[in-house]
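Comments concern the structure below.
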Amino acid sequence: MTQTDYIRRTGEIEHYFDRTALEAWKRLTGDQPVSGIRATVRKGREEMRNTLASWLPQDLTGWRILDAGCGAGILSLELMERGADVVGIDLSAQMISFARKRAFERQAASPELSARRGSVRFESGDLLDPRFGEFDAVVSMDVLIHYAAADATEVLERLAERTSRSLIFTLAPGSFLLRAMLATGTLFPRRDRSPAIHPVNPGRVVERLTARPTMQGWSAGRTHRVAVGFYISQAMEVTR
């Protein structure tokens, strides 16, 4: 992946969330009623979020975690409440603003829990930016689905350079059903359809990732597929 390709792709994703479908994603990640396709996507995303969270210890005190592509910050807040110090990064400045608002409201609603919490900081920027520091774990939900297999592998390798324990992420599995839905364009209405999704072989991505010389000591962990209506995604884990 060249730097030019990476900048172009991240620019497309930033444009989508900041200018094209911000309000749609606010509704999707909120508790307002939704219908049709978005109802299945919301249910699938909730199941996937719970899966990724369950792969980390219940007590995260002392852990520093990067939520790479945090969106509205739901997962970041859950991990914070389990004791982690979380840095939530997203390309979309508008989504980060929404995440900060949600965090303020959630913390104000239950101040009695503050003594048992970690911390959360939301920042707009590139998830590969080294200025955000080093982490015990990285979680990245439905971000790498927008990158081809080789590019996703490179992103993961670069994240691993700053991670000491685990990478937990999702990929778009190259299933017949997902390819059919992408071909017919039914995942989202045309006016706010997401950037292109790249179906891959998740196991092969992890195999190639852990075979790289820089990934000595890392190995494949758990995997779990979530398929709910129009939501299909594969959770993957790499640990050391």
Side-chain angles (χ1 to χ4, degrees), residues 10 13-14 16-34 38 41-144 159 162-163 165-170 192 194 233 235:
T10 55
I13 297 170
E14 180 182 10
Y16 167 72
F17 284 104
D18 264 351
R19 304 181 189 179
T20 306
L22 177 64
E23 293 305 318
W25 276 89
K26 283 183 178 181
R27 291 193 298 274
L28 183 67
T29 59
D31 54 11
Q32 306 97 316
V34 292
R38 287 190 178 85
V41 173
R42 175 187 281 178
K43 184 176 180 181
R45 284 178 57 84
E46 181 178 359
E47 182 178 337
M48 179 58 77
R49 188 168 57 249
N50 290 338
T51 295
L52 301 187
S54 73
W55 288 359
L56 290 165
Q58 184 60 35
D59 184 357
L60 289 168
T61 302
W63 284 60
R64 190 166 191 264
I65 298 177
L66 172 64
D67 187 355
C70 64
I74 301 174
L75 181 56
S76 294
L77 292 172
E78 179 178 340
L79 299 179
M80 177 268 292
E81 290 177 351
R82 286 160 55 180
D85 295 316
V86 183
V87 180
I89 304 298
D90 201 276
L91 288 169
S92 169
Q94 296 296 323
M95 289 300 291
I96 288 297
S97 178
F98 183 55
R100 288 171 178 165
K101 179 177 181 291
R102 172 173 278 170
F104 176 80
E105 292 172 347
R106 189 158 172 169
Q107 290 170 341
S110 53
E112 71 280 1
L113 296 178
S114 60
R116 295 192 283 114
R117 288 173 168 157
S119 65
V120 64
R121 174 166 63 99
F122 291 113
E123 297 287 345
S124 174
D126 185 345
L127 57 86
L128 294 179
D129 192 332
R131 71 186 175 91
F132 295 119
E134 298 183 350
F135 301 91
D136 294 286
V138 172
V139 292
S140 185
M141 177 173 154
D142 294 346
V143 173
L144 298 175
L159 286 172
R162 298 185 287 125
T163 307
R165 302 195 197 198
S166 62
L167 300 172
I168 299 172
F169 53 94
T170 63
D192 54 14
S194 65
S233 192

Working to the nearest 0.5 angstrom, can you tell me the gap between L60 CG and D85 CG?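 Taking CG in L60 and CG in D85, the distance rounds to 10.0 Å.
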
Nearest 0.5 Å please: distance from the CZ atom of R64 over to the OG1 atom of T163.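 Interatomic distance, R64 CZ to T163 OG1, rounded to 0.5 Å: 10.5 Å.
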
Side-chain contact, heavy-atom cut-off 4.5 Å: S166 with W55? no

One thing to verify: whether R162 and E134 come together as a salt bridge, which I'm taking to mean a side-chain N less than 4.0 angstrom from a carboxylate O. no

Give the minimum heavy-atom separation between D136 and G62, together with the two atoms involved. OD2-O, 3.7 Å

Please name all residues satisfying salt bridge (Lys or Arg N to Asp or Glu O under 4.0 Å) with D142, sequence neighbours left out, ordered by chain then number. R45

Got a sec, which residues hit salt bridge (Lys or Arg N to Asp or Glu O under 4.0 Å) with K101, two or more places apart in sequence or on another chain? E105

Polar side-chain atom of T51 near backbone of E47 as donor-acceptor pair, under 3.5 Å: yes

Determine yes or no for a side-chain-to-main-chain donor-acceptor pair under 3.5 angstrom, with R82 supplying the side chain and L56 the backbone.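 It does hold such a pair.
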
Validation: residues 65-78 side-chain donor-acceptor distances under 3.5 Å, sequence neighbours left out:
residue, atom, partner, partner atom, Å
D67, OD2, S76, N, 3.3
D67, OD2, S76, OG, 2.6

Would you please test Q107 and M80 for side chain to side chain contact (heavy atoms under 4.5 Å, CB included) and show each step? CA-CA 11 Å; Q107 290 170 341; M80 177 268 292; 3.7 Å; yes

Can a side-chain donor-acceptor contact be found between D90 and S92 if the only test is distance below 3.5 angstrom? no

